[in-house]
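One structure below.
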Amino acid sequence: MSRRAQSGVRPAHWLGLIAILAVVGGGGFALMNRTIDPMTGITELSAGEFMENATALSGNEYKVEGIVDDRLDNWRSADGRLFSLQISDGSGSTFLPVWVPPDYKGANIQRRQRYIFKVRVLETGVLKVLELIKA
């Protein structure tokens, strides 16, 4: 008697196919959902160095990430908006002044939200917002 050829796919083949699809699908998902930091190449502001001598950093541009703590309410809106930004580092929390000029056309800033700012240090030691993205 001759033997019959087995028909169908073995379970090992199914497992291999599922593994391949998972790898390909995961790689495609990673490529489609990758985030590109638009502020790549900008130096991170050292909160300690800023607190030590902010005027020495004036004119320079930096990247700062932190949580918007509060807005100075008695500031004239025609002059822009002034926020306190909470920066957390290894030594604790530091609050920095961040000024949004009146002609800024970017996203709205909300309290208790984390943002990444591109700032310029003004002669007064205030950080002027040039760009921002919500983190």
Side-chain angles (χ1 to χ4, degrees):
M1 271 175 87
S2 65
R3 295 179 120 180
R4 255 171 130 198
Q6 278 192 353
S7 61
V9 181
R10 295 182 180 163
H13 292 142
W14 282 112
L15 290 175
L17 182 63
I18 290 171
I20 290 171
L21 289 175
V23 168
V24 170
F29 180 79
L31 283 174
M32 296 299 288
N33 292 317
R34 67 181 175 189
T35 58
I36 299 171
D37 185 3
M39 296 185 196
T40 301
I42 300 173
T43 306
E44 186 91 24
L45 178 68
S46 166
E49 193 175 325
F50 178 82
M51 295 303 285
E52 210 172 282
N53 192 0
T55 56
L57 304 175
S58 66
N60 296 329
E61 293 181 3
Y62 296 96
K63 175 172 121 176
V64 179
E65 182 174 351
I67 298 172
V68 173
D69 179 55
D70 206 359
R71 185 181 82 207
L72 187 61
D73 288 329
N74 59 354
W75 189 269
R76 288 179 1 146
S77 61
D79 294 333
R81 295 175 291 158
L82 188 64
F83 294 93
S84 63
L85 185 67
Q86 181 180 6
I87 308 294
S88 297
D89 56 8
S91 62
S93 291
T94 306
F95 293 89
L96 304 177
V98 177
W99 175 62
V100 181
D103 59 344
Y104 183 75
K105 302 291 185 212
N108 273 344
I109 298 175
Q110 300 173 357
R111 294 178 185 139
R112 310 284 181 236
Q113 298 294 314
R114 179 173 292 278
Y115 293 94
I116 301 172
F117 296 92
K118 178 180 176 183
V119 296
R120 178 176 294 127
V121 181
L122 300 178
E123 298 81 26
T124 58
V126 174
L127 302 172
K128 177 184 177 182
V129 174
L130 303 174
E131 294 178 39
L132 71 93
I133 56 173
K134 190 170 181 180

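Paired with F117 under the rule side-chain contact (heavy atoms from CB on, under 4.5 Å), one option of L96, I109, V100, L130 passes, and it is I109. Tested against V64 for a side-chain contact (heavy atoms from CB on, under 4.5 Å), the candidates V98, I87, L132 yield a single pass: I87.
Between K118 and I42, the shortest heavy-atom distance links the atoms CD-CD1, 3.6 Å. Listed here is the closest heavy atom pair of P97 and G125: CG-O, 4.0 Å. Contact between F50 and L57 at its shortest, heavy atoms only, is CA-CD1, 3.9 Å. Scanning all heavy atoms of the two residues, the minimum distance from D79 to W99 falls at O-NE1, 2.8 Å. The shortest non-hydrogen separation linking K63 to I116 is CG-CG2, 3.8 Å. R114 and E65 get closest at one heavy-atom pair: CD-OE2, 3.3 Å.
Linking ILVMFWY residues whenever their side-chain heavy atoms come closer than 4.5 Å, directly or via other members, places Y104 and V68 in the same cluster. Under the 4.5 Å side-chain heavy-atom criterion for grouping Ile, Leu, Val, Met, Phe, Trp and Tyr, L15 is not connected to L21 through any hydrophobic cluster. Following chains of ILVMFWY side-chain contacts shorter than 4.5 Å, one can reach L45 starting from V129, so the two form part of one hydrophobic cluster.
The structure places CD of Q86 at 5.5 Å from CD1 of I67, a figure rounded to the nearest 0.5 Å. Here the straight-line distance linking atom CZ of R71 with atom CZ of R81 works out to 7.0 Å at 0.5 Å rounding.
Contact of the L122 side chain with the L127 side chain is not registered, since no non-hydrogen atoms from C-beta on lie closer than 4.5 Å. Looking only at side-chain heavy atoms (C-beta outward), E61 and V119 stay at 4.5 Å or farther from each other. Taking 4.5 Å as the limit, every side-chain heavy atom of F95 sits out of range of all side-chain heavy atoms of L85. Using a 4.5 Å cut-off on side-chain heavy atoms (C-beta onward), Y62 and V121 make contact.
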E123/S58 under side-chain hydrogen bond (donor to acceptor under 3.5 Å, both in side chains): CA gap, chis, key distance, verdict: CA-CA 5 Å; E123 298 81 26; S58 66; 5.3 Å; no

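By the 4.0 Å N-to-carboxylate-O rule, R111 lies close enough to D70 to be salt-bridged with it.
Heavy-atom neighbours of E52 CD from other residues, nucleotides or ligands within 6.0 Å: at or below the threshold of 12.
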